[in-house]
Each structure stands twice: as C-alpha cells, then as structure tokens.
**Q** 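One structure is given below, represented as structure tokens, and several questions about it will come after.
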Amino acid sequence: MEEFSLETISIIDAPNFVNQKVKIGVWLTDKRSSGKIAFLQLRDGTAFFQGVVLKNAVDESTFDVAKHLRQESSFWITGEIHEDTRSKFGYEIQVASIEVIGESEEYPITPKDHGIDFLLDHRHLWLRSSRPHAILTIRNEVIRATYEFFNREGFTKIDAPILTGNAPEGTTDLFHTEYFDHDAYLSQSGQLYEEAGAMAFDKVFSFGPTFRAEKSKTRRHLIEFWMIEPEMAFMHQEDSLAVQEQYVAFLVQNVIDHCASSLATLDRDPELLRKYTKTPYPRISYDQAIDMLQKAGMDVKWGDDFGSPEETYLADQFEQPVFILNYPKAIKPFYMKPHPTREDIVICADLLAPEGYGEIIGGSERATDYNYLLEQIKLAGLDPKDYEWYLDLRRYGSVPHSGFGLGLERFLTWVTGEDHVRETIPFPRLLNRIYP
RNA sequence: UGCCCCGUAGUUCAGUGGUAGAAUAAUUGACUGUUAAUCAAGAGGUCGUAGGUUCGAACCCUACCGGGGCAGCCA
C-alpha cells in the first residue's frame, strides 16, 4: 500500500482496519524484546494494545530504535493491523516504521507496585495508567448519561454560582475568600439556587464543583467534589424518589452498555451491576431503620444520625440501593418540608448504595411556607437578611417542590468498585493535598 | 480534630543495639510470541528532620515534619 493512502487512526478503531496499513500516534507503556522480536505495549489515549516488531521485517535501525524505546516516549508508528487472539485487546499492529516524537527518561511510574502517596504526588502522570484511565472513562460516561437523562426528561441545566455570600447548610465549614470588600465563600451546594431555577424553569439541574473545608480524612470524603443537583417544581417527594431511582438505574445501565472494557480493566462484574438497574428500589423509614439496627444489636437510639457502620449494615440487608425515608428534623437542614402529621421528622430520603458504599443521594421535599422557613433560618442561627432572596421564592407563588443531590465521586466509587473516592476524580483535593 | 500505623536504593519492602539488604526499575549483554517475560553483569544509600541515651543507633527515648487507616462531619 502506498504511503499517501496511509490513514491515521486511533487504537480504539483498530478493529475496523484489519489487514490495512495505518499510522497511529502512541506512547510506550511497556516493552519486552528478544533478539529478533520486540513487543511494544502501546497506548494512544483511546485504548491500549501492542505492537510487534519483527527483526526480519524491518530495517536494522528501526529494530534498534524499537529495542531502545523507553517507557512513555511518544512516537508515530506505522504498520498493519492484525487480528490476533494472543493479544489481550484482540488486535495488534505489525510494525513497519517508528518515528520518535518525544523522548522519555526515567519515567517514575513503573509497571510494578507503588504506594498511594507516591501515586498521588504523580497524579498528572498516573492518569496515563490503565486503571485511572478506565475509572475516568466511566466518569465521563456518567456525566454524558446525566445530561442525556435530564435533557430527555425535560430538565433545564441552570448553573449555580461557585462564589456565594451565604452558607446553605450553615453548620459545615466553608472555604472563605474575599469578594472585593465583602466576605465570600466557595459553594458547598447549589441547591438553593436550583430552587430559584425550578420556579422559573419547572425542572432544572446543576452539575458543578462543591467545596467543604471539613477536616475529613476518610475514603468517602474529598475537599472538592462534584454534585448533580436536580430540583423539580410541582413535585412531591414520592415522584422525586421515582426520578432518583430511574436516574441511578439509567446511569448504571449506560456504564454497562458503554464501558465494558473499562469495567473489565477494573475487574468490576457487569452482572452484579445489572442488579442495580432494576427499579423500584426498596424504601424503609428512618424509624424502621433504627428498629433494624437495634435488633442487630447496634448501639443507636432514635434521633441519632447513621455512621458508616450503620449505613453499611442497612445497605447490606438489600440487593439494590435502598432509600431511608424521613429522618428526624433535628439532624437535617432547615429547608426540608416538615412531616404533615409528625413534628419530629421531615420529608426526605437518603439513598444508600449496596456493598458498603453508603450514601450516594440526599434529597427532600422542600419547605414551602414562608413563616415556617423564616423561623427555621433563625433557629439554625443564620441571618435572615442573607436569605431574603430565598424567602422570596415562598413569597411569590410558592409551590410544592422537591430535589436531591447526587455525589458524583461517591456514585463512581460504587459503580467502579473502587475503595476510595480519590480515585474517581482527575485531581483529588484531599486534606493537606493540593498538588498537583 | 481524636485514636492507631508507617517514613530505609528511583519504586515496593526486609532489617528491633555491632560492616546497609532483597526484589524490581534504570544501564549493558543473550534470547522469534512476550503479556509482572526469562537469564547474566555491573551500578545504585545524608536509613524523614533535630536533639538525647549508649563504647556503638536504621533500631531505644523526645519533639517536629510528611503520609496512610479508622472515627466524627457529610455527598
């Protein structure tokens, strides 16, 4: 085949070019060679596969270049795509020529084991490795499917501000900054703004970063993380729960459908995930949950919030994600709707993921009564002046509305089967870690 | 923030009072189907930092620095 007809392709598309000569821009991930054959493990950002260099099929200098390529050097490679069952990808390239683009010396991340501290210090390079690549591919699919779902369901994306002058949930620590002559904080939730959006657009959602200056140091916490926060006007909690389970099931289904090779890289069983695509999800009340925990001998009393062991126990009693409904008012934020017949609980639900992954969604029906909200704001120790605009939503045509927030990284940790949220975001911000 | 654990070769670790070790990576060489390739060779060190105990400290003590796990808080 003539050079001018050479097509530049991506590895992921190699199956469409079997027995054709092509050109690919690649990096070297690993290499094995013998006297007369060299195996180059290649990646191009879309997939991983190997190139085979036969000494008697290329000129001497090409074989010599191949033997001395170093990990993560970049080069153009030309050759013929072959189907081959001896290759993990199912296809490989029979190399004809190599044109080095960028040298790489002493690449720090070797194919052997590394500790998490070392890997996080080299996150900018670690992204190239197959596991992070697979996880972040799934992250991208979840984001894509999120937009598809909410667009299909008639939601409008309303972006919440990141710089804010108030503290929606008051109690937690906020990142403080300056806004010219005023105090400002980095957003810890877009929810209140989404409520304003819902009154203007009916069904809305936001997707953006949130910041919590908590000194949390666990596998479930990031300082900076991403949330999806839908808010729906004219909707009671029952219908919101239906949206939540359909959304979660849709995300899982799309990961199964579109990320098969990434799941395989992560050893995450798609058949297990398939169980999570069946709706509805079970629902139990907070009261029932307390009862179950006490019967299991756990030391909890009505009014306590659930810790990690409690959440895990509850989730383990079900094969699907489970909603825990109607928590005590005292342990939930001020904006939740009070229960019509019980003063001590609010209309809300947390969705717990199976396998010990814990809470992935928190949501509620929102309080609609102006005077009730004003009182709650005062009780929470917040300044009503900061919430004038929020109270306006109840002053002018208040309607029943509900919403929820899904923590993207927690969701991903569950779907990918990882054991720490830090693996599911490109550049995690952790306690005392803001590099790279 | 509290409790617990860990800082030794580029990396992952062993070494618990008496000459600083292994594997792996990197380098050189051998090998035609490797996939954590194999085999051979040489090379690689301020034992986190500072102080203390001791004839002698990687090892024991104190403080500090860095990291991890769990908990609380939360998504």
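Computed from a predicted structure; not experimentally measured. Chain A is the first sequence line, chain B the second, and so forth, proteins listed ahead of strands; every chain is numbered from 1.
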**Q** Taking only side-chain nitrogens and oxygens of A:Arg219, does any of them come within less than 4.0 Å of OP1 or OP2 of B:A75?
**A**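 Checking A:Arg219 against B:A75: no side-chain N or O falls below 4.0 Å of OP1 or OP2.
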**Q** What I want to check is whether an N or O donor and acceptor connect the side chain of A:Ser216 with the base of B:C73 at under 3.5 Å.
**A**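 Indeed, a donor on one side and an acceptor on the other fall under 3.5 Å apart.
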**Q** Provide the closest heavy-atom pair for A:Ile77 versus A:Leu40 in the form atom of the first, atom of the second, distance.
**A**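 Residues A:Ile77 and A:Leu40, closest heavy atoms: CD1-CD1, 4.4 Å.
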**Q** Report yes if at least one side-chain N or O of A:Arg220 is closer than 4.0 Å to OP1 or OP2 of B:C70; otherwise report no.
**A**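 For B:C70, OP1/OP2 do not have a side-chain N/O of A:Arg220 under 4.0 Å.
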**Q** Hey, does A:Lys217 reach any base, or is it just sugar-phosphate, or nothing, if we go heavy atoms under 4.0 Å?
**A**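 Since a base atom lies under 4.0 Å of A:Lys217, the category is base.
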**Q** For a quick test of reading the model, state the closest non-hydrogen atom pair linking A:Phe318 to A:Pro282 and the distance between them.
**A**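 The answer is CD2-CG, 3.6 Å.
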**Q** When we call it a touch if two heavy atoms are under 4.0 Å apart, what does A:Phe118 touch: a base, just sugar-phosphate, or nothing?
**A**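 If one applies the 4.0 Å heavy-atom cut-off, A:Phe118 turns out to touch the sugar-phosphate alone, with no base involved.
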**Q** Taking the P atom of each, how far is B:A37 from B:U27, in whole Å?
**A**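 It works out to 15 Å between them.
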**Q** Which residue lies toward the 5' end of RNA chain B, A:Ile116 or A:His221, if each is placed at its nearest nucleotide?
**A**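 Per heavy-atom nearest nucleotide, the more 5' residue is A:Ile116.
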**Q** Whom does B:U19 pair with, Watson-Crick or G-U wobble, provided both distances fall under 3.5 Å?
**A**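 Checking every strand shown, B:U19 finds no partner, since no pair has both distances under 3.5 Å.
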**Q** Using the closest heavy atom to pick a nucleotide of RNA chain B for each, name whichever of A:Asp84 or A:Leu119 lands nearer the 5' end.
**A**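 Whichever sits nearer the 5' end wins; that is A:Leu119.
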**Q** Angle between ring planes, A:Tyr327 versus A:Tyr286, binned at 30° and 60°: parallel, tilted or perpendicular?
**A**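 Tilted: the ring planes of A:Tyr327 and A:Tyr286 meet at 30° to 60°.
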**Q** Quick one: label A:Gln50 by what it contacts on the DNA or RNA (base, sugar-phosphate, nothing), any heavy atom closer than 4.0 Å.
**A**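 Contact class for A:Gln50: base.
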**Q** Within the modelled atom types, does a donor on one side and an acceptor on the other bring the side chain of A:Lys112 and the base of B:A25 under 3.5 Å apart?
**A**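 Flag unset: no donor-acceptor pair detected.
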**Q** Can you check whether A:Phe39 stacks with the B:G33 base, using ring centres under 5.5 Å and planes within 30°?
**A**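 No.
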**Q** Looking at every strand, decide which applies to A:Glu92 at a 4.0 Å heavy-atom threshold: base, sugar-phosphate, or nothing.
**A**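 A:Glu92: base contact, heavy atoms under 4.0 Å.
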**Q** In this structure, how many angstroms lie between the C1' atom of B:C74 and the CG atom of A:Leu431, rounded?
**A**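 Rounded to whole Å, this separation is 14 Å.
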**Q** With a cut-off of less than 4.0 Å, is there a side-chain N or O of A:Arg410 near OP1 or OP2 of B:A75?
**A**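 False: A:Arg410 side-chain N/O out of range (4.0 Å or more) of B:A75 OP1/OP2.
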**Q** With a 4.0 Å cut-off on heavy atoms, is A:Thr218 in touch with a base, just the backbone sugar-phosphate, or nothing at all?
**A**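 Base contact - A:Thr218 has a heavy atom under 4.0 Å of at least one base atom.
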**Q** When you measure from the side chain of A:Lys215, which nucleotide among B:G33, B:U1, B:A75 comes out closest?
**A**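 My answer, after comparing the listed nucleotides, is B:U1.
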**Q** Measuring only the P atom in each nucleotide, how far is B:C13 from B:U54? A whole number of Å is fine.
**A**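 Looking at atom P only, B:C13 and B:U54 are 35 Å apart.
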**Q** When the P atoms of B:C31 and B:G69 are considered, how many whole Å apart are they?
**A**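 Going atom to atom, P in each nucleotide, I get 47 Å.
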**Q** Looking only at atom P, what distance separates B:A57 and B:U19, rounded to whole Å?
**A**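 The answer is 12 Å between these two P atoms.
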**Q** For A:His122, answer base if it contacts any base atom (sugar-phosphate contacts may also be present), sugar-phosphate if it contacts only those atoms, and nothing otherwise; contact means non-hydrogen atoms under 4.0 Å.
**A**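 Answer is nothing: A:His122 stays at 4.0 Å or more from every strand.
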**Q** Could you please name the partner base of B:C60, counting Watson-Crick and G-U wobble pairs only when both distances are under 3.5 Å?
**A**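 Across any shown strand, B:C60 pairs with B:G52.
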**Q** Using atom CD of A:Glu106 as one end and atom P of B:U11 as the other, report the distance to the nearest whole Å.
**A**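 One finds 11 Å between P of B:U11 and CD of A:Glu106, rounded.
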**Q** With rounding to whole Å, what would you report as the distance between B:C47 and B:U35 at their P atoms?
**A**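 About 38 Å, rounded to a whole number of Å.
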**Q** Whole-Å distance between B:U11 C1' and A:Asp121 CG?
**A**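 In whole Å, B:U11 C1' and A:Asp121 CG are 13 Å from each other.
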**Q** Report which part of the nucleic acid A:Gly358 touches: base, sugar-phosphate, or nothing (heavy-atom distance under 4.0 Å, all strands).
**A**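 Contact class for A:Gly358: none.
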**Q** Is the cationic atom of A:Arg219 (NZ for Lys, CZ for Arg) positioned less than 6.0 Å from the six-membered ring centroid of A:Tyr357 and within 45 degrees of its normal?
**A**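 No.
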**Q** Using a 4.0 Å heavy-atom cut-off across all strands, classify A:His114 as base, sugar-phosphate, or nothing.
**A**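 Sugar-phosphate contact only.
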**Q** By nearest atom, which of the nucleotides B:G72, B:A26, B:G67 is closest to the A:Asp117 side chain?
**A**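 Minimum distance to the A:Asp117 side chain belongs to B:G67.
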**Q** Please check if any side-chain donor atom of A:Arg342 sits under 3.5 Å from a side-chain acceptor atom of A:Asn326, or the reverse.
**A**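 Side-chain D/A pair, A:Arg342 to A:Asn326: absent.
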**Q** Roughly how far, to the nearest 0.5 Å, is CZ of A:Arg128 from OH of A:Tyr107?
**A**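 It comes to 5.0 Å.
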**Q** What's the closest nucleotide to the A:Arg422 side chain, out of B:U34, B:U12, B:G68?
**A**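 Nearest listed nucleotide: B:G68.
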**Q** Taking only N and O in the side chain of A:Lys88, is any of them less than 4.0 Å away from OP1 or OP2 of B:A36?
**A**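 Yes.
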**Q** How far does the C1' atom of B:G72 sit from the matching atom of B:G66, given to the nearest Å?
**A**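 Those two atoms are separated by 24 Å.
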**Q** Quote, to the nearest angstrom, the P distance that separates B:G15 from B:C6.
**A**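 B:G15 and B:C6 have their P atoms separated by 11 Å.
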**Q** Taking only the P atom of each, what is the distance from B:C64 to B:U11 in whole angstrom?
**A**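 Each nucleotide's P atom is 27 Å from the other's.
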**Q** Is there a donor on the side chain of A:Asn56 or the base of B:U32 sitting less than 3.5 Å from an acceptor on the other?
**A**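 Side chain to base: pair found, below 3.5 Å.
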**Q** Pick base, sugar-phosphate or nothing for A:Leu406, based on heavy-atom distances below 4.0 Å to the nucleic acid.
**A**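 No contact at all - A:Leu406 keeps every heavy atom at 4.0 Å or more from the nucleic acid.
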**Q** May I ask you to check whether A:Asp44 and A:Thr46 show a side-chain donor-acceptor distance below 3.5 Å?
**A**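 Yes, A:Thr46 and A:Asp44 have a side-chain donor paired with an acceptor closer than 3.5 Å.
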**Q** State the pairing partner of B:C31; accept Watson-Crick or G-U wobble contacts with both distances under 3.5 Å, and report none otherwise.
**A**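 Base-paired to nothing in any strand shown.
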**Q** Which part of the nucleic acid does A:Asp30 contact within heavy-atom distance under 4.0 Å: base, sugar-phosphate only, or nothing?
**A**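 Result for A:Asp30 = sugar-phosphate.
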**Q** Apply the test side chain to side chain contact (heavy atoms under 4.5 Å, CB included) to residues A:Phe49 and A:Leu42: give CA-CA distance (whole Å), side-chain angles for both, the deciding distance (0.1 Å), then the verdict.
**A** CA-CA 5 Å; A:Phe49 81 158; A:Leu42 308 171; 4.1 Å; yes
**Q** Look through every strand shown and name the nucleotide pairing with B:G2 as Watson-Crick or G-U wobble, where both distances are under 3.5 Å.
**A**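 Pairing partner, where one exists within any strand: B:C70.
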**Q** Please report, rounded to the nearest Å, how far the P atom of B:C73 is from the CG atom of A:Asp173.
**A**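 Rounding to the nearest Å, CG of A:Asp173 and P of B:C73 are 13 Å apart.
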**Q** Write down the distance between NZ (A:Lys67) and C1' (B:U32), rounded to a whole number of angstrom.
**A**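 Answer to the nearest Å: 12 Å.
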**Q** What's the CG-P distance between A:Leu352 and B:A75, to the nearest Å?
**A**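 The answer, rounded to whole Å, is 13 Å.
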**Q** Below the 4.0 Å mark, does B:U38 have OP1 or OP2 next to a side-chain nitrogen or oxygen of A:Ser34?
**A**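 Looking at the OP1 and OP2 atoms of B:U38, neither is under 4.0 Å from any side-chain N or O of A:Ser34.
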**Q** Rounded to whole angstroms, how far apart are CG on A:Asn432 and C1' on B:U1?
**A**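 Result: 12 Å.
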**Q** For a quick check under 3.5 Å, do A:Thr62 and A:Asp59 share a side-chain donor-acceptor pair by atom type?
**A**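 Yes, side-chain donor-acceptor contact under 3.5 Å.
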**Q** Given atom CG of A:Leu28 and atom P of B:A25, what is their separation to the nearest angstrom?
**A**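 In whole Å, B:A25 P and A:Leu28 CG are 14 Å from each other.
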